[in-house]
Amino acid sequence: MSRRKYAAFLDLIKVRLVDRAIPFIWATIIGVLIASRGLPTLTHLFYALLTAFFVVMAVYIYNDVMDYEYDRLNELKRPVATGEVTRVEAAILALSFASIGVVLTIFTNKETLLLVLLFLTLGVLYSTPPIRLKHRYMAKPLVTAIGGFICSLLGGSLIGNFSIQVIYAAFIFFMLLIAGSSLVDLTDIKGDKIGEVKNLTVLYGPRFAIKFAIAVFLSVIAITVIGYPFLGFNVLTPIIVTGGGTAFVWFAYSLLHKWQDPLFCRNTIRKMITINFLFQISFVLGVL
């Protein structure tokens, strides 16, 4: 492999890791921390990090293989779309990553293996014709959110503890992805329209999608503030969730008048992803 091709592969991994995969991997780590009440073993953290990395990256690289035409229409600087990495090469990399992820779960437990297989199956159905779930009515945000829910549960399964706190954290991540995917789609609206993707942004317009996201963020705050004592969290959880949720609302509101600017949208979404890391820590602090 030439140095240039090697650099292109590294760029493919880096772009998808930073652009999409990190929040899902982080959700798995958070699941481990909640399930172990902040005291996981290094082995559990190691398996969580590696398993989530390989499985999530496999799905997103495969998505690049199947969506390269739409990515080119959206002028996305991804190695498959630009031709630096061929579709065959990327498909082989995705299969390799998926295989490693599955093999790692063999050394854990059957619950983890089933969750990983379910995640990979959804990833394939999401992108592969003729099923191509992302083209079905509202399936794109729903499948993405289910994938996030699975990643959160994956942390609990690695510990062997599906506590109510783990399940609730997974539910909140599900809600955040339902809302967040509508905002992420603002940057892909051109290609999504041509590809006939039936998401909120395409079907009802960007402003509706943004208002929907704001409503979801507010509901997350309300549910957590009301329900935290019944779920076994301490007072730190509602305090941090309220602060983080308010920030989500503020950033989403800023998109109402600037959604036509792809650069502004991408920068705003990056800020929201950063807040998400701190947001999810609230559930770890809440079980200490």
Side-chain angles (χ1 to χ4, degrees), residues 16-17 20-37 39-66 91-128 131-134 136 138-178 180-181 231-232 280 283-284 287:
R16 294 315 261 154
L17 180 65
R20 291 289 191 274
I22 287 180
F24 292 87
I25 298 170
W26 180 243
T28 302
I29 298 298
I30 290 296
V32 169
L33 293 173
I34 295 173
S36 63
R37 294 194 172 274
L39 295 171
T41 66
L42 290 178
T43 301
H44 285 138
L45 283 176
F46 175 76
Y47 270 102
L49 179 61
L50 285 187
T51 302
F53 171 81
F54 284 113
V55 172
V56 174
M57 287 300 298
V59 167
Y60 274 111
I61 292 172
Y62 179 72
N63 182 255
D64 278 359
V65 173
M66 304 307 295
I92 293 172
L93 181 62
L95 179 60
S96 299
F97 276 16
S99 300
I100 294 172
V102 171
V103 169
L104 284 172
T105 62
I106 294 174
F107 299 99
T108 53
N109 53 60
K110 64 179 182 180
E111 290 80 12
T112 303
L113 176 59
L114 290 173
L115 287 172
V116 164
L117 291 176
L118 178 58
F119 185 87
L120 291 172
T121 300
L122 279 175
V124 171
L125 295 177
Y126 177 83
S127 300
T128 307
I131 298 175
R132 207 177 185 98
L133 289 175
K134 69 181 297 182
R136 309 296 175 178
M138 291 305 298
K140 182 178 181 180
L142 184 59
V143 172
T144 301
I146 292 173
F149 186 83
I150 292 171
C151 284
S152 295
L153 291 183
L154 193 62
S157 71
L158 285 164
I159 298 292
N161 178 22
F162 287 115
S163 67
I164 186 63
Q165 292 88 5
V166 171
I167 295 172
Y168 185 73
F171 167 73
I172 292 299
F173 189 45
F174 172 91
M175 295 285 284
L176 293 181
L177 287 173
I178 285 285
S181 63
L231 296 167
Q280 292 194 59
F283 300 108
V284 179
V287 298

On a heavy-atom basis, the closest approach of V59 and G123 is CG1-CA, 3.8 Å
| task | Would you sort out whether I150 and F24 count as a side-chain contact (heavy atoms from CB on, under 4.5 Å), showing the intermediate values? | result | CA-CA 9 Å; I150 292 171; F24 292 87; over 6 Å; no
Next item on the list: Apply the test side-chain contact (heavy atoms from CB on, under 4.5 Å) to residues L104 and V116: give CA-CA distance (whole Å), side-chain angles for both, the deciding distance (0.1 Å), then the verdict.
Entry: CA-CA 10 Å; L104 284 172; V116 164; over 6 Å; no
Here the pair of heavy atoms bringing I131 nearest to R136 is O-NE, 2.9 Å
For P141 and I178 the tightest heavy-atom approach is O-CD1, 3.8 Å
For this session: Kindly assign one of parallel, tilted or perpendicular to the pair F174 and F171, based on the angle between their ring planes and the thresholds 30° and 60°.
Result: parallel
For the backbone of V124 and the side chain of S127, can you confirm whether one donor and one acceptor N or O come within less than 3.5 Å of each other?
no
Taking every heavy atom of C151 against every heavy atom of F119, the minimum-distance pair comes out as SG-CE1, 3.7 Å
Does R20 use its side chain to pair, donor to acceptor, with the backbone of V56 at less than 3.5 Å?
no
Nearest heavy-atom contact between I29 and A48 is CD1-CB, 4.0 Å
Per side chain to side chain contact (heavy atoms under 4.5 Å, CB included), L133 is matched among T144, L142, V143 by V143
Rounding to 0.5 Å, atoms CD1 (I61) and CD1 (I92) come to a distance of 12.5 Å
Output for pair (L231 CG, F283 CZ), nearest 0.5 Å, gives 9.5 Å
Looking only at heavy atoms, the pair that brings I34 and A169 closest together is CD1-CB, 3.5 Å
Taking the side chain as C-beta and beyond, is there a heavy-atom pair between Y47 and V32 under 4.5 Å?
no
Distance col, row F107:CZ vs T43:OG1, nearest 0.5 angstrom, shows 13.5 Å
Q.
For a side-chain contact (heavy atoms from CB on, under 4.5 Å) check, start with the C-alpha distance between L113 and T108, then their side-chain angles and the critical distance, and finish with the verdict.
A. CA-CA 8 Å; L113 176 59; T108 53; 5.9 Å; no
One should read off an interatomic distance between K110 NZ and L117 CG, to the nearest 0.5 angstrom, of 13.5 Å
Rounded to the nearest 0.5 angstrom, the CD1-CG distance for I25 and L154 is 11.0 Å
Between the CG atom in L114 and the CG atom in L153, the distance rounded to the nearest 0.5 Å is 12.5 Å
Quick check: does any side chain N or O of Q165 sit under 3.5 Å from a backbone N or O of A35, one acting as donor and the other as acceptor? no
task: List the steps and the verdict of side-chain contact (heavy atoms from CB on, under 4.5 Å) for Y60 and D64.
output: CA-CA 6 Å; Y60 274 111; D64 278 359; 6.0 Å; no
